[in-house]
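Reviewing the structure listed below.
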Amino acid sequence: MPGWVGSGRPGRDLALAGVSLVGGLAAYGVGLQPQFPWAPDVPRVSFLLPLLAVSVAVGLRRVATRTGLVVGTVAVFADAALGVSVGVTVIYTQVLYDTCVYGPSRWWRWLLRVTVGLSVGGTVVGLLWWGWRGAAVGMPFALLGVLPVVTGISVRQYRDQAATERARAEQTARLVELDRRQAVLAERARMARELHDVVANQLSAVALHATALLAAPGLDRPRIDAALRVIRESSVQGMAEMRQLVGLLREPSADPVQEATRVRLDELDRLLARMADAGLRVRTTVRGSPRELPVGVDLAAYRIVQESLTNALRHGTGTAKLTVAYLPTEVAVTVENPVRPGGSADGAALPAGGAGLIGMRERAALLDGGFTAGPRDGCWRVRATLPAGERT
């Protein structure tokens with residue numbers, strides 16, 4: 001069909017009005033008026049004016065529904081006064097239908113009461129006047145009044161229900177998109193934490209020793225070799241962990257828990273050895289009986305210790321105290337180190353963006369654990385408590 005008669009366009013209303021007028025003229029041409037010749041002297045051409053008016057009412061069904069109902073009602077009463085024509089009566093049923101579909105809800109309620117009342121009233125009058133045969137008097141009111149009104153009400157309810165379902169579907173789509181964005185943001189935050197822990201910690205040791213070599217050109221060969229070994233070991237470790245993380249991102253079919261938790265809390269010895277090679281002496285205390293921890297808790301505890309010791313290496317005096325406490329329902333890690341005024345252990349300030357503290361706090365929060373960090377008694381103290389379940 002042409003675009004100008006598409007759904008919801010004014011052209012469709014005008015086309016429907018034109019079709020109604022043509023159909024009424026066809027009924028006029030075959031002489032279907034008057035149906036009740038109580039005014040036989042009325043010229044037949046008089047029936048054309050109500051026909052034109054009720055056709056105009058059809059054209060106003062969307063742009064001016066109230067005006068269309070008034071014009072159509074006046075036209076049908078005028079036609080009834082002339083003797084009733086089939087064309088006007090049939091077209092008026094379209095006016096009633098359109099009013100129920102496009103008009104306010106109070107209108108279809110009012111029209112339903114009126115048409116049902118007319119049907120019942122006609123039936124009662126017919127029964128009283130002509131006996132049981134007179135019950136047929138109410139049939140025209142039911143067919144030409146109640147039926148189009150009820151049909152219009154049904155179509156309106158279906159459209160309202162469809163609009164409600166469409167709105168609900170759009171809302172669901174928006175919620176899905178919001179959930180997707182939140183999932184993406186959460187995944188980006190997780191990747192940022194992992195990248196920071198993998199890259200920043202190792203590069204901090206590299207930067208510290210490279211800075212020391214540049215700041216002290218008169219170092220003897222053994223000290224230079226020791227610093228270069230630390231730089232090499234930190235670089236190799238960082239590259240290995242970076243390859244592991246990149247492999248996890250490239251192979252979603254792999255088990256993310258297994259791949260992402262190869263470093264565990266019981267591997268602190270290797271971490272402490274690297275820190276000792278980098279120049280940080282750590283005094284370790286373990287309280288309670290070490291036991292197997294949930295993988296998420298194990299990884300988070302290790303990363304928090306790793307980040308805390310890296311910060312102690314960068315900003316401390318070369319010593320730190322690590323306490324790992326295995327409690328009945330949680331595991332607590334505490335790192336304390338004296339802070340040297342001015343920043344790192346060799347006096348050269350290294351760039352820091354504060355992402356380490358944010359990442360540690362996020363790791364603890366994701367596991368419903370606790371995290372505190374700040375100065376205490378001249379030291380910088382980091383403490384994290386993570387739920388580890390009941391002791392078995």
Side-chain angles (χ1 to χ4, degrees), residues 1-36 44-119 122 137-163:
M1 298 180 64
W4 62 274
V5 293
S7 179
R9 294 180 177 271
R12 171 168 290 195
D13 300 338
L14 295 177
L16 184 59
V19 170
S20 300
L21 180 60
V22 170
L25 290 176
Y28 177 85
V30 298
L32 295 180
Q33 65 281 329
Q35 295 296 312
F36 302 98
R44 291 183 55 191
V45 71
S46 302
F47 288 92
L48 293 178
L49 186 59
L51 176 62
L52 179 61
V54 77
S55 300
V56 171
V58 172
L60 299 175
R61 61 180 190 153
R62 261 192 287 247
V63 296
T65 308
R66 178 183 300 177
T67 302
L69 177 62
V70 172
V71 171
T73 303
V74 172
V76 79
F77 274 105
D79 183 76
L82 296 175
V84 181
S85 62
V86 173
V88 173
T89 304
V90 173
I91 296 174
Y92 184 68
T93 61
Q94 179 68 36
V95 175
L96 294 177
Y97 170 85
D98 293 335
T99 302
C100 295
V101 173
Y102 302 109
S105 58
R106 64 179 184 275
W107 291 7
W108 66 256
R109 294 188 179 94
W110 178 77
L111 287 176
L112 183 61
R113 296 190 187 100
V114 171
T115 53
V116 170
L118 289 176
S119 301
V137 175
M139 291 297 297
F141 295 101
L143 294 176
L144 303 176
V146 177
L147 185 59
V149 169
V150 171
T151 304
I153 293 173
S154 300
V155 172
R156 184 191 184 98
Q157 290 176 344
Y158 284 131
R159 291 187 177 183
D160 292 344
Q161 183 178 1

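Here the structure is a predicted model, which means the values were calculated and not measured.
Nearest heavy atoms, G72 versus A57: N-CB, 3.7 Å. Nearest heavy-atom pair, S55 versus A17, reported as atom, atom and distance to 0.1 Å: O-CB, 3.3 Å. Across all non-hydrogen atoms, the minimal contact from V146 to S119 is CG2-OG, 3.4 Å. Of all non-hydrogen atoms in D13 and R62, the two that sit nearest each other are OD1-NH2, 2.8 Å.
Put simply, CH2 on W108 and CD on Q157 are 6.0 Å apart, with the number rounded to the nearest 0.5 Å. With values rounded to the nearest 0.5 angstrom, L147 atom CG is found 10.0 Å from M139 atom CE. Note that the CD atom of Q33 and the CG atom of L51 stand 9.0 Å from one another [nearest 0.5 Å]. Within the model, atoms CG of L144 and OH of Y92 stand 11.0 Å from one another, a figure rounded to the nearest 0.5 Å.
The stretch residues 51-60 participates, sequence neighbours left out, in no salt bridge (Lys or Arg N to Asp or Glu O under 4.0 Å) pair at all. For residues 65-89, no pair satisfies salt bridge (Lys or Arg N to Asp or Glu O under 4.0 Å), with sequence neighbours left out. For the salt bridge (Lys or Arg N to Asp or Glu O under 4.0 Å) condition, no pair includes a residue of residues 102-114, sequence neighbours left out. Residue pairs meeting the salt bridge (Lys or Arg N to Asp or Glu O under 4.0 Å) criterion with at least one member in residues 84-100, sequence neighbours excluded: R61-D98.
The side chain to side chain contact (heavy atoms under 4.5 Å, CB included) search around V149 returns L96, C100, L111, L112, T115, I153, not counting sequence neighbours. Not counting sequence neighbours, the partners of L82 by the side chain to side chain contact (heavy atoms under 4.5 Å, CB included) test are V42, S46, F47, P50.
The residue from L16, V54, V19 that alone fulfils the side chain to side chain contact (heavy atoms under 4.5 Å, CB included) condition with I91 is V54. When V63, V71, L69, T65 are each tested for a side chain to side chain contact (heavy atoms under 4.5 Å, CB included) with T67, only one passes: V71.
L48 is listed as a side-chain neighbour of L25, based on a closest heavy-atom distance under 4.5 Å.
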